[in-house]
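Bear in mind that the values here come from a model prediction, so they are computed numbers and not experimental data.
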Amino acid sequence: TSSAPVAVEVNGPVARFSFTRSCDNKNQFTFTNTSKSMTANTTYEWDFGDESPLVSTRDAIHTYTQPGEYTVRLTIRENGTSCNSTALHTLYAFTAAFDNGVRTICRGTEITYKVLNIPAVLVDEYIWTFGDGTVVHTTQPDLPKRWETTGIFSDQLEIRYKDAAY
C-alpha cells in the first residue's frame, strides 16, 4: 500500500555574503549581504570573530585592530518564524611588508628578501621589482638576490592574491 502525498512547504532565508578588503586601510573589510529569500521581517546579526560587538545591519564594514585569522558569521532570522540561516567565511587581517635585514652591502653580496605578515595560503604570486631593473616572479616568500651593481636602489614587491577580495 502507498500513502497519500503530503505537501511540505519549505521557506525561510538562506544566508550568504561576500567581502572585500579596503585598499586604503588593509585591516578594514566591507561585507555585502547576498542572502536569498529575505523579507521586510528579516533580521541580521554579524559576528566578526574578534570579540567586538555584534552588528545588526544588512551589510557591514568592520576594522580589525589585530592581525590574524578570523571567522566571520552572518546569521539571518525571519521574525515570527523559527527560520534562520548562518553563513561563515574565514578571512585574514594583515599588513603586507618585506625586509632583507640590511641597508648597506658590498657589491657581489647575496641577501635574502623575506615577505612578512602574509598568510601564504592567500598568495598566487610575488613579483619583485628591484632597483637594478631585475624583475622576478615567484611563489616563494623568500628570495635570494645577488647585487652586482653599486648604487642606491629602491625595491618593490607586488603581491597577487588567489582571492580578489584581498
Side-chain angles (χ1 to χ4, degrees), residues 1-101 112-129 135-143 155-166:
T1 62
S2 62
S3 64
V6 176
V8 176
E9 181 180 350
V10 178
N11 57 28
V14 178
R16 295 181 185 155
F17 69 93
S18 62
F19 65 90
T20 56
R21 186 174 176 214
S22 170
C23 290
D24 298 326
N25 178 352
K26 298 298 185 183
N27 292 317
Q28 185 178 76
F29 291 79
T30 299
F31 299 93
T32 303
N33 186 335
T34 59
S35 300
K36 303 295 180 197
S37 301
M38 295 178 296
T39 70
N41 293 324
T42 303
T43 61
Y44 313 95
E45 181 180 274
W46 293 94
D47 180 344
F48 301 108
D50 62 351
E51 300 182 14
S52 62
L54 300 176
V55 172
S56 61
T57 56
R58 183 182 192 284
D59 301 306
I61 296 174
H62 184 70
T63 302
Y64 290 91
T65 59
Q66 297 294 319
E69 177 180 335
Y70 298 95
T71 299
V72 178
R73 177 181 49 91
L74 168 62
T75 300
I76 58 176
R77 292 179 179 83
E78 195 64 33
N79 284 337
T81 73
S82 60
C83 295
N84 64 61
S85 180
T86 298
L88 302 168
H89 282 289
T90 300
L91 62 77
Y92 299 87
F94 61 92
T95 302
F98 73 90
D99 192 21
N100 61 19
T112 299
Y113 287 78
K114 295 180 180 286
V115 177
L116 306 173
N117 310 325
I118 302 171
V121 66
L122 298 178
V123 177
D124 185 47
E125 177 182 40
Y126 301 105
I127 304 170
W128 294 93
T129 303
V135 177
V136 178
H137 295 251
T138 183
T139 58
Q140 299 303 310
D142 296 343
L143 179 72
D155 304 320
Q156 182 177 341
L157 172 62
E158 177 183 340
I159 304 161
R160 296 202 177 155
Y161 297 101
K162 294 175 184 174
D163 185 338
Y166 290 95

Atom of [X], atom of [Y] and distance for their closest heavy-atom approach:
| X | Y | result |
| --- | --- | --- |
| N33 | S35 | OD1-OG, 2.6 Å |
| A87 | A15 | CB-O, 3.4 Å |
| P13 | S85 | O-CB, 3.3 Å |

Next on the checklist: For a ring pair (Phe, Tyr, Trp, His ring centres under 6.0 Å) check, start with the C-alpha distance between H62 and F29, then their side-chain angles and the critical distance, and finish with the verdict.
Outcome noted: CA-CA 5 Å; H62 184 70; F29 291 79; 8.7 Å; no
Side-chain donor-acceptor distances from residues 114-128 under 3.5 Å, at least two apart:
from	atom 1	to	atom 2	distance (Å)
N117	ND2	T95	O	3.0
E125	OE2	H137	ND1	2.8

Residue set satisfying side-chain hydrogen bond (donor to acceptor under 3.5 Å, both in side chains) with T57, at least two apart, ordered chain then number -> none
Interatomic distance, [X] atom [atom1] to [Y] atom [atom2] [nearest 0.5 angstrom]:
| X | Y | atom1 | atom2 | result |
| --- | --- | --- | --- | --- |
| N100 | D142 | CG | CG | 12.0 Å |
| D50 | T65 | CG | OG1 | 6.5 Å |
| Q140 | T112 | CD | OG1 | 12.5 Å |

Which donor-acceptor pairs under 3.5 Å do the side chains of residues 158-166 make with protein atoms, sequence neighbours left out?
from	atom 1	to	atom 2	distance (Å)
E158	OE2	R160	NE	3.0
E158	OE2	R160	NH2	3.3
D163	OD1	A165	N	2.8
Y166	OH	Y92	N	2.9

Note to self: Check whether Y64 reaches the backbone of F48 with its side chain - one donor and one acceptor, N or O, closer than 3.5 Å.
What the structure shows: yes
For [X], which residues count as a side-chain contact (heavy atoms from CB on, under 4.5 Å) partner, sequence neighbours excluded?
| X | result |
| --- | --- |
| T43 | R77, N79 |
| H89 | F17, F19 |
| I61 | Q28, T30 |

TODO: Test side-chain contact (heavy atoms from CB on, under 4.5 Å) on Y44 and D59 and set out the steps.
DONE: CA-CA 9 Å; Y44 313 95; D59 301 306; over 6 Å; no
| query | Are T42 and E78 linked by a side-chain donor-acceptor pair shorter than 3.5 Å? | reply | yes
Partner residues of D24 under the salt bridge (Lys or Arg N to Asp or Glu O under 4.0 Å) criterion, sequence neighbours left out: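 Residues passing salt bridge (Lys or Arg N to Asp or Glu O under 4.0 Å) with D24: none at all.
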Can you check side-chain hydrogen bond (donor to acceptor under 3.5 Å, both in side chains) on D155 and Y113, steps first, answer last?
-> CA-CA 10 Å; D155 304 320; Y113 287 78; 2.7 Å; yes
Under 3.5 Å donor-acceptor pairs involving side-chain atoms of residues 66-74, not counting sequence neighbours:
from	atom 1	to	atom 2	distance (Å)
Y70	OH	Q66	O	2.7
R73	NH1	E45	OE2	3.1
R73	NH1	T75	OG1	2.9
R73	NH2	D47	OD2	3.1

Contact check, side chains of R21 and F94, non-hydrogen atoms, under 4.5 Å:
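Counting from C-beta outward, R21 and F94 do come under 4.5 Å.
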